[in-house]
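The structure appears right after this line, and notes come after that.
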Amino acid sequence: MSTKPRAYYIKTYGCQYNKADSERIAADYYARGMVEVNNWQKADEIVVNTCAVRQKAEDRVHGFLHNIDVYFKETGKPKPKIIFTGCMTHHGAEKILEMFSIVDEVLPVNEVGFNNQALRKDKNHAFVQISTGCNSFCTYCIVPYSRGRERSRSFEEIMNEVRSLADQGYTEITLVGMNVNSWGLEKVGVPLRKLLMDKDKKIDLKDLPENTSQYLKPDGLPPFVKLLKAVTALDEIKKVRFLTSNPWDFYDELIEEVGKNKKIDRYVHLPVQSGSNTVLARMNRGYTRESYLEIVRKLKDADPEITIGTDIIVGFSGETEAEFKETIDLVKQVDFKVAFVAMYSPRPGTTAWRMYEDDVPYEVKKRRWRVLDNLINQKHLDERPKVV
Ligand code: SF4
């Protein structure tokens, strides 16, 4: 007599890191003989892989769990096991179990190890994670708290995975990390991080890490450039992308490699967040508008075919009309082909949440959002590059 295999459903919110984590969680279920279903009402186990980057993302998680709760209460069917993971786990297991009574287990995000095999649906393009966590403390960002310090995966492990993907017929690879450019670089400034991890401590901008790269760059080729060369050297691999790059680690050797190595996608995603130096300083981003524009100029000099996309936050704490105009001016100069524009919402536990007022009214944020969306995304609808 054959028994029906147990079923799982994974709900993924947020960015490519979460998608990559979900692929590895799926592989774990597969190894245990479970099958994926595309309807959560039919699952024996539901994984909710959460995003905490904005309040809206957390609200969606609340909504989804509420729907599950209502459905199983109303139908009287046995409730599946609910496993909670992703960036919202930075709240701590105790708080999550208190917030969501239907959650059975909290899986810390760093336990979804990047060496676990992934179960991929796309058969041509694959995400390959090269690092996790982040050593930079942009004041608005929850990642250093939710994912912890940056850890680079070893060259051998990455290449084994890429070779195996090439053998399976994959031709496009996206190398994924919070700051891919710093992959394999030696880290600096650890003591300061301890202070910043103390979420209740009042801090000041002067307590933050120096507003520059957090890494020591070696003489000769930086490790990430060597990795790009190795991946693109495989005949089967036709296209390589990488996400995400930090402007303060977008060094000349990388620009040169992107310029001449045509297997690297001509689309470069380079988050700017703001075109105003005073806002960038409040965000603790490690660059100025001038240094950002200099990278863009060098990239376009290296190959005029290169197109640039970005992430921008509007309505960050204290953003004045004059500061916003500086962003408009930068946007016009760069001529971004795509932008992920977000209205600022403070994330509890972040430095900005501890230091600043969220003082830009919602209507102003919305108007600024519309201005940038029109200027970038609506203008380039027909030439929008494939981001991944
Ligand atoms: S570089 Fe800044 S925005 Fe990016 S993950 Fe790290 S802290 Fe967050």
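Atoms within each ligand, like the ligands themselves, are counted from 1 in listed order.
Heavy-atom contacts of Arg285 reach the following atoms of ligand 1: 2 (Fe), 3 (S) (cutoff under 4.0 Å).
One finds the CD1 atom of Ile25 at 11.5 Å from the CD atom of Glu45 (value rounded to the nearest 0.5 Å).
Scanning for side-chain contact (heavy atoms from CB on, under 4.5 Å) contacts around Lys226 gives Leu221, with sequence neighbours left out. With sequence neighbours excluded, the residues satisfying ring-ring contact (aromatic ring centres under 6.0 Å, His included) with His62 are Phe100.
Only protein N, O or S atoms were scored, and 1 of them lie under 2.8 Å from atom 8 (Fe) of ligand 1.
Using a cutoff of 4.0 Å between basic side-chain nitrogens and carboxylate oxygens, Glu23 and Lys19 are not scored as salt-bridged.
Atom NZ of Lys262 is surrounded by more than 12 heavy atoms from other residues, nucleotides or ligands within 6.0 Å.
Ranking protein heavy atoms by distance to atom 1 (S) of ligand 1, first place goes to Asn246 ND2, 3.3 Å.
Partner of Leu243 under the side chain to side chain contact (heavy atoms under 4.5 Å, CB included) criterion, out of Leu175, Thr174, Val268: Thr174 alone.
For residues 93-103, no pair satisfies side chain to side chain donor-acceptor pair (under 3.5 Å), with sequence neighbours left out.
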